[in-house]
Student: 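Before anything else, here's the structure in question.
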Amino acid sequence: MKSIDIRKSFLAFFESKQHKIVPSAPMVVKNDPTLMFTNAGMNQFKDLFLGNTPVVNSRVADTQKCLRVSGKHNDLEEVGHDTYHHTMFEMLGNWSFGNPSGISKGYFKKEAIGYAWELFTKVYGIRQDQLYVTVFEGDKQDGLSADTESYNIWKQYLPESRILLGSKKDNFWEMGETGPCGPCSEIHIDIRTSEEREKIPGNELINKDHPEVIEIWNLVFIEFNRLANGKLMPLAAKHVDTGMGFERLAMVLQGVRSNYDTDIFAPIINEIAKLAGISYGQIKESDIAMRVMADHVRAVAFAIADGQLPSNNGAGYVIRRILRRAVRYGFTFLNFEEPVLYKILPVLVEEMGDVFPELKSQSNFISQVIREEEVAFLRTLDHGIKKFDKYIETHPDKKQIDGDFAFELFDTFGFPIDLTQLIAREKGITIDMEGFAKGLNAQKTRSRNAAEIDAGDWITVREQDNPDSYHEDFVGFQLLETITNIKKYRKVVSSKKTSYEVILGTTPFYAESGGQVGDRGTLSSGNETLQVIDTKKENNQIVHIVTSEPQFPESELLAKVDEKKRKLTTANHSATHLMHAALRKVLGGHVEQKGSLVNEDKVRFDFSHFSKMTGSEIKEVERIVNNQIRENISGDIKQDIPMADAQEMGAIALFGEKYGDKVRVVSFNPDFSVELCGGTHVVSTGNIGFFKILSESGIAAGVRRIEAVTGEKAEGHVYNQVETLNSIKDLFKNQPDTLLAVNNVIDQRHRLEKEIKNIQKKQALQTADSLINSAEVISDIKFVSSKTNLEFNQAKSLAQKIRSSGENIVTILSTQNNEKINLIISISDKLVASHGLNAGDIVKEISHYISGSGGGQPFLATAGGKDASGIEAAFDAARTLIK
RNA sequence: GGGGGAUUAGCUCAGUUGGCUAGAGCGUUUGACUGGCAGUCAAAAGGUCACCGGUUCGAUUCCGGUAUUCUCCA
């Protein structure tokens, strides 16, 4: 069975069981500080389990792209070395959400187990004697008895010898420290040959990390909530949450021994092998490298498709690290010294583009980004190798490389430590790995300490009035001030400052989201006024950051948004939408938003586009936007409409929304700009006033950035420009062609500068000549002394000139600028050699005459002081010294 | 968010106890050789040593700040 059919029949099977098939959520997580990437199928349904979002469909199934590279599940360094670890994988899952309020009723253990068995044995035709299941054995500490209910259900399907009891570690699933949890039942499969199976029975190898006796499907029965005190509380509604690794399933169904041998990976591996000119399955190291590259290119491509570009911090840094790991393996074991990963992309798109259209639609962009990253990292590697070679050259006797140096290479120049080890080994040297680890640990502690934020416990002032309220506490679309009260607050201490976070009952404050910055303002009761310096969103709550601790948290208070800031920001946000639409019109439909920042001062907008915008393109965008502003189009905002309706309206879909999200659609002229957006917007476009682009620049491969301003700011900018131009015209006596006039002046200046330089050179030569001619002769040495009115540097080069004139000559010059006196002594090279004269020594002897000090080299030395009356005496002293 | 680097000719980079008048390769221009091109040889042009301040007789070099950028950690 082909992988594409495996996926299809999974979804079709559950559709036939009245499940709603939903698309995969984006792999990149937004607005959840605890999670960077989707790492399990249930992530997008977290709010349903927690009861924060109402259930629409009780039965849901999907395939979810997951990435496991950070936090609790970090498989990155394992990938490639075995045949089953992955960074990115697909998780097939079916769900039942307790409240049977939707189109079909929910279910629990009986159906979940029945469906699983039916799918495996009837649809996929897996041999029953290969299957084992595990059931939760109970736990004394939690006061839980064994899951006999599941056990009894399984008994209907398979003999008890293949039903095993498992401990809390394997068979009790928890989302985190706290939250929904429950017992789970896993299905394992034994795909060993029959001889091997006779030697050791399969049930002895369950959960023993055997590569061919593996867990394939986990059925979780969520029925408890783990409280902060560690106690379990039964949930009112029970849920089913299942997850099955797609790649593993494909391996089983295709009868191969490795995930990488399935048709999901084989075409990619083949392509890599072709490019490397080495076939897969020949050499252990190159096989590992091919698996690494095949896995990582998938992960990176999907991440970029979901809007996460490689960068140097946060989630972007994780993506960069994955990509670099792939480059490193290719570089070391497959001799790829030129970018190559981007060449694999077409194969990937061919294989997966139909199931994940986001991959196909952006394939050009993705491959550009990957290529650029590859080039950059290969350059880093090259630099590192040079540094390393130089170190070896300057430390030829070292048998062990300092840990400090290895760490510097890694930390500052990004050169991977395992490569350093490899190169060192080739040269028969070792590395002080302890020293390296010490440096790394020091760096980690430093970072942790700096990043430490000490958040105090929430102080609850009043219980939430309505626990079922979702986003209803935000009233800021209509109101800029309202009477409200504090629900809870806490103190937050970071390395630099202390602040307080306040959650209100209802609030007019807009929390930072979708690029629009959070509101500022005040919370005032009769007794005190708290300054709100920022507003953020955390776990669906609106957090007001205030500078001082509420002294009267019980009081009713007036929450008031800084109106000026909000208005300016709002105008900028609406202008961003108009600009986005205009960019698509002018440049084409490939323009997609890659990030934005909207505050009261300006708009910063990043978008995908491949080349620098021309002047006329920028002008055209400005023209279109300003046209739309003058049309004074009313904004049309539709709250809480289903995603499908929004798409119907032609809304520009961003990186995908989570399942079940009702979206908000903002449009200015349905034929021009329709976007999904949660931000604030002007009533009609005329309020924006005026729009002006300040700059357009590139920030990454295929990503451009525009900075623009609106209203008064834009006006001010134009006035400034015009004023500057007018002043320039004035200076040029209003010549008809100002540009030409300026150009002429620049040209002229250039010519004159050259001429002056020439004249100065000539003059200096003449001065040098006349000084040489007027030199005193002291035995076989010529001696020149002269007070000059030159600049210090000019005098210095004059002294140099005389020195290199070929004569045996000692020169001493003085300069005087303001209060400052300088002496310069030069001695021709021959004299330095034959007479042992040293200008540095002389200058030290005589500098006290001008109340100063000095120094230099044997052939040229300088001194500085303040006493002009001593110059003659200094000259005399120098004269005596050379005799 | 924290740490460490980097910024020198159009490009890639050298430049240590602060001090020769700041260099190389490639590229550019010119000339010579050649019927022409490629090529070889010769020469020239091209630098506010990122910016601002400080220390010093003297700063590309040392110190502080700013900008840009790379990199590691979180």
Side-chain angles (χ1 to χ4, degrees), chain A residues 33 36 70-71 310-318 320-321 324 373 375-377 379-384 386-387 390 394 404-417 436-437 439-453 494-497 697-700 750 753-754 757 760-761 764-765 768 791-805 812-817 820-829 832 838-840 842-867 874:
Chain A
M36 277 183 188
S70 57
S311 73
N312 58 359
N313 51 33
Y317 180 54
V318 174
R320 171 167 286 176
R321 258 184 11 204
R324 292 188 165 191
E373 276 291 310
V375 169
F377 186 56
R379 196 161 48 214
T380 302
L381 288 182
D382 196 49
H383 281 169
K386 275 188 191 149
K387 286 258 172 216
K390 195 164 179 185
T394 48
D404 282 350
F405 174 72
F407 182 68
E408 188 199 0
L409 214 50
F410 168 76
D411 179 47
T412 303
F413 301 101
F415 198 72
I417 183 65
F436 175 83
L440 189 63
N441 278 332
Q443 149 119 294
K444 283 189 179 176
T445 342
R446 212 170 31 229
S447 278
R448 241 195 304 277
N449 290 344
E452 198 153 305
I453 296 171
S494 71
S495 60
K496 286 198 180 118
K497 50 187 185 267
S697 59
I699 55 163
H750 217 77
E753 263 177 3
K754 252 187 195 162
K757 225 168 149 186
Q760 275 178 343
K761 220 186 239 172
L765 278 175
E791 290 282 317
F792 176 70
N793 278 323
Q794 289 175 327
K796 205 162 135 183
S797 68
L798 177 61
Q800 293 277 19
K801 237 167 222 121
I802 300 175
R803 178 173 79 83
S804 52
S805 65
I812 176 162
L813 302 176
S814 73
T815 65
Q816 181 166 11
N817 292 295
K820 208 170 169 185
I821 310 298
N822 283 102
L823 299 177
I824 299 131
I825 301 180
S826 75
I827 302 175
S828 25
D829 295 354
V832 173
N838 187 320
I842 297 173
V843 94
K844 273 177 197 143
E845 292 280 331
I846 65 170
S847 56
H848 68 270
Y849 290 105
I850 56 164
S851 308
S853 62
Q857 304 128 286
F859 49 86
L860 183 82
T862 57
K866 285 178 211 146
D867 188 3

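Chain A is the first sequence line, chain B the second, and so forth, proteins listed ahead of strands; every chain is numbered from 1.
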Student: Side chain of A/Q443 only, please: which of B/rG3, B/rA74, B/rU71 is the nearest?
Tutor: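 The listed nucleotide nearest to A/Q443's side chain is B/rG3.
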
Student: To the nearest Å, how far apart are A/I802 CD1 and B/rC20 P?
Tutor: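 The distance from CD1 of A/I802 to P of B/rC20 comes to 18 Å, rounded to the nearest Å.
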
Student: What are the two closest non-hydrogen atoms of A/A863 and A/V843, and how far apart are they?
Tutor: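 Looking at all heavy atoms of both residues, the closest pair is CB-CG2, 3.6 Å.
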
Student: In whole angstrom, give me the gap between the C1' atoms of B/rG54 and B/rG31.
Tutor: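 Rounded to whole Å, the distance is 50 Å.
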
Student: Would you mind telling me which of B/rG5, B/rA74, B/rU71 lies closest to the side-chain atoms of A/F413?
Tutor: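 Nearest listed nucleotide: B/rG5.
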
Student: Main chain of A/L409, side chain of A/T412: is a donor-acceptor contact present, judged purely on distance under 3.5 Å?
Tutor: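 The answer is no, because no donor-acceptor pair under 3.5 Å joins these two groups.
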
Student: On a whole-Å scale, what distance lies between the C1' atoms belonging to B/rC72 and B/rG25?
Tutor: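 So the two C1' atoms sit 32 Å from each other.
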
Student: Phosphate oxygens OP1/OP2 of B/rC72: is one of them under 4.0 Å from a side-chain N or O of A/R446?
Tutor: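 A/R446 to B/rC72 OP1/OP2: no side-chain N or O under 4.0 Å.
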
Student: For A/D829, check salt bridge (Lys or Arg N to Asp or Glu O under 4.0 Å) against everything at least two apart and list the hits.
Tutor: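 A/R803.
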
Student: With a 4.5 Å limit on heavy-atom distance, are the side chains of A/S826 and A/L813 in contact?
Tutor: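 Not in contact.
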
Student: With sequence neighbours excluded, what pairs up with A/A406 under the side chain to side chain contact (heavy atoms under 4.5 Å, CB included) test?
Tutor: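 Only A/I417, A/I431, A/F436 meet the side chain to side chain contact (heavy atoms under 4.5 Å, CB included) criterion with A/A406.
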
Student: Taking atom C1' in both B/rC62 and B/rU71, compute the distance separating them and give it to the nearest angstrom.
Tutor: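 Comparing C1' positions in B/rC62 and B/rU71 gives a spacing of 25 Å.
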
Student: What is the distance, to the nearest angstrom, from the CD atom on A/E408 to the C1' atom on B/rU71?
Tutor: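 Value for this atom pair: 11 Å.
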
Student: Nearest to the side chain of A/R803 - B/rG2, B/rC20, B/rA74?
Tutor: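 The answer is B/rC20.
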
Student: Roughly how far apart, to the nearest Å, are B/rU7 and B/rA44 at atom P?
Tutor: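 My reading of the P atoms in B/rU7 and B/rA44 gives 28 Å.
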
Student: Test of understanding: with ring-ring contact (aromatic ring centres under 6.0 Å, His included), list the residues that count as partners of A/F415, not counting sequence neighbours.
Tutor: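 For A/F415, no residue satisfies ring-ring contact (aromatic ring centres under 6.0 Å, His included) once neighbours in sequence are set aside.
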
Student: Under the rule for salt bridge (Lys or Arg N to Asp or Glu O under 4.0 Å), what residues qualify as partners of A/R324, not counting sequence neighbours?
Tutor: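 Applying salt bridge (Lys or Arg N to Asp or Glu O under 4.0 Å) to A/R324 gives none.
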
Student: I want to check something: taking the side chain as every heavy atom from C-beta on, are A/I812 and A/I842 in contact at a cut-off of under 4.5 Å?
Tutor: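 No. Closest side-chain heavy atoms not under 4.5 Å.
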
Student: Sequence neighbours excluded, which residues qualify as side chain to side chain donor-acceptor pair (under 3.5 Å) partners of A/D382?
Tutor: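 Result, side chain to side chain donor-acceptor pair (under 3.5 Å) vs A/D382: none returned.
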
Student: Going through the checks in order, is the side-chain contact (heavy atoms from CB on, under 4.5 Å) test met by A/L440 and A/K444?
Tutor: CA-CA 6 Å; A/L440 189 63; A/K444 283 189 179 176; 4.2 Å; yes

Student: Under the rule for ring-ring contact (aromatic ring centres under 6.0 Å, His included), what residues qualify as partners of A/F377, not counting sequence neighbours?
Tutor: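 Partners of A/F377 by the ring-ring contact (aromatic ring centres under 6.0 Å, His included) criterion come out as none, since no residue qualifies.
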
Student: Quickly work out the A/D829 CG to B/rC20 P distance and round it to whole Å.
Tutor: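 After rounding, the reported distance stands at 13 Å.
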
Student: Look for any protein N or O under 3.5 Å of an N or O in nucleotides 8-18 of chain B and output each such pair with its distance, or none.
Tutor:
| residue | atom | partner | partner atom | Å |
| --- | --- | --- | --- | --- |
| B/rC13 | OP1 | A/H383 | NE2 | 2.7 |
| B/rG15 | OP1 | A/K390 | NZ | 3.1 |

Student: Distance criterion of 3.5 Å, no angle test: do you see the side chain of A/D411 paired donor-to-acceptor with the base of B/rG5?
Tutor: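 Not at all, since no donor on one side and acceptor on the other fall under 3.5 Å apart.
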
Student: Under the side chain to side chain donor-acceptor pair (under 3.5 Å) test, which residues partner A/D411, sequence neighbours left out?
Tutor: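 Checked A/D411 against side chain to side chain donor-acceptor pair (under 3.5 Å); matches are A/Q443.
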
Student: Can you tell me how far apart OG (A/S814) and CZ (A/F792) are? Round to the nearest 0.5 Å.
Tutor: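 With rounding to 0.5 Å, OG (A/S814) is 12.0 Å from CZ (A/F792).
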
Student: Taking CZ from A/R321 and C1' from B/rC72, how many angstroms apart are they, rounded to a whole number?
Tutor: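 Value for this atom pair: 10 Å.
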
Student: Are there any protein N/O atoms within less than 3.5 Å of an N/O atom in nucleotides 61-68 of chain B, and if so, which ones and at what distance?
Tutor:
none

Student: What distance, rounded to whole Å, do you find between the two C1' atoms, one in B/rA24 and one in B/rG65?
Tutor: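 About 33 Å, rounded to a whole number of Å.
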
Student: With nearest nucleotide decided by heavy atoms, which residue, A/A376 or A/S804, maps closer to the 5′ end of RNA chain B?
Tutor: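 Final value for this comparison: A/S804.
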
Student: Applying side chain to side chain contact (heavy atoms under 4.5 Å, CB included), can you list everything that pairs with A/I850, at least two apart in sequence or on another chain?
Tutor: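 Residues passing side chain to side chain contact (heavy atoms under 4.5 Å, CB included) with A/I850: A/I821, A/L823, A/I871.
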
Student: A/R320 CZ to B/rU69 C1': how many Å, rounded?
Tutor: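 The distance from CZ of A/R320 to C1' of B/rU69 comes to 11 Å, rounded to the nearest Å.
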
Student: Rounded to whole Å, how long is the line connecting atom CZ of A/F407 with atom C1' of B/rG3?
Tutor: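 Distance, rounded to whole Å: 9 Å.
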
Student: Looking only at atom C1', what distance separates B/rA43 and B/rU60, rounded to whole Å?
Tutor: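 Nearest-Å result for B/rA43 against B/rU60 at atom C1': 28 Å.
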
Student: A/T412 or A/K801: which one's nearest nucleotide on RNA chain B is closer to the 5' end?
Tutor: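 Counting from the 5' end, the first nearest nucleotide belongs to A/T412.
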
Student: With rounding to the closest Å, how many angstrom separate the P atoms on B/rG10 and B/rU48?
Tutor: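 After rounding to an integer number of Å, I get 8 Å for this pair.
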
Student: Counting C-beta onward and ignoring hydrogens, is there a side-chain heavy-atom pair between A/T815 and A/K796 closer than 4.5 Å?
Tutor: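 A/T815 vs A/K796: side chains apart.
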
Student: Check the interface with nucleotides 54-58 of chain B: list each N/O to N/O pair with the protein under 3.5 Å, or write none.
Tutor:
| residue | atom | partner | partner atom | Å |
| --- | --- | --- | --- | --- |
| B/rC57 | OP1 | A/S853 | OG | 2.7 |
| B/rC57 | O4' | A/S853 | O | 2.9 |
| B/rC57 | O4' | A/G864 | N | 3.0 |
| B/rC57 | O2' | A/N822 | ND2 | 2.9 |
| B/rC57 | O2 | A/T862 | O | 3.1 |
| B/rC57 | O2 | A/T862 | OG1 | 2.3 |
| B/rC57 | N3 | A/G855 | N | 3.4 |
| B/rG58 | OP1 | A/K820 | NZ | 2.6 |

Student: Determine the stems involving RNA chain B; a stem requires 3 or more consecutive pairs of the Watson-Crick or G-U wobble kind, each with both distances below 3.5 Å, and the answer is none if no such run exists.
Tutor: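 The stems are B:1-7 with B:67-73, B:10-13 with B:23-26, B:28-33 with B:39-44, B:50-54 with B:62-66.
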
Student: Can you tell me, in whole Å, how much space there is between the C1' of B/rU28 and that of B/rU68?
Tutor: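 The answer is 28 Å between these two C1' atoms.
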
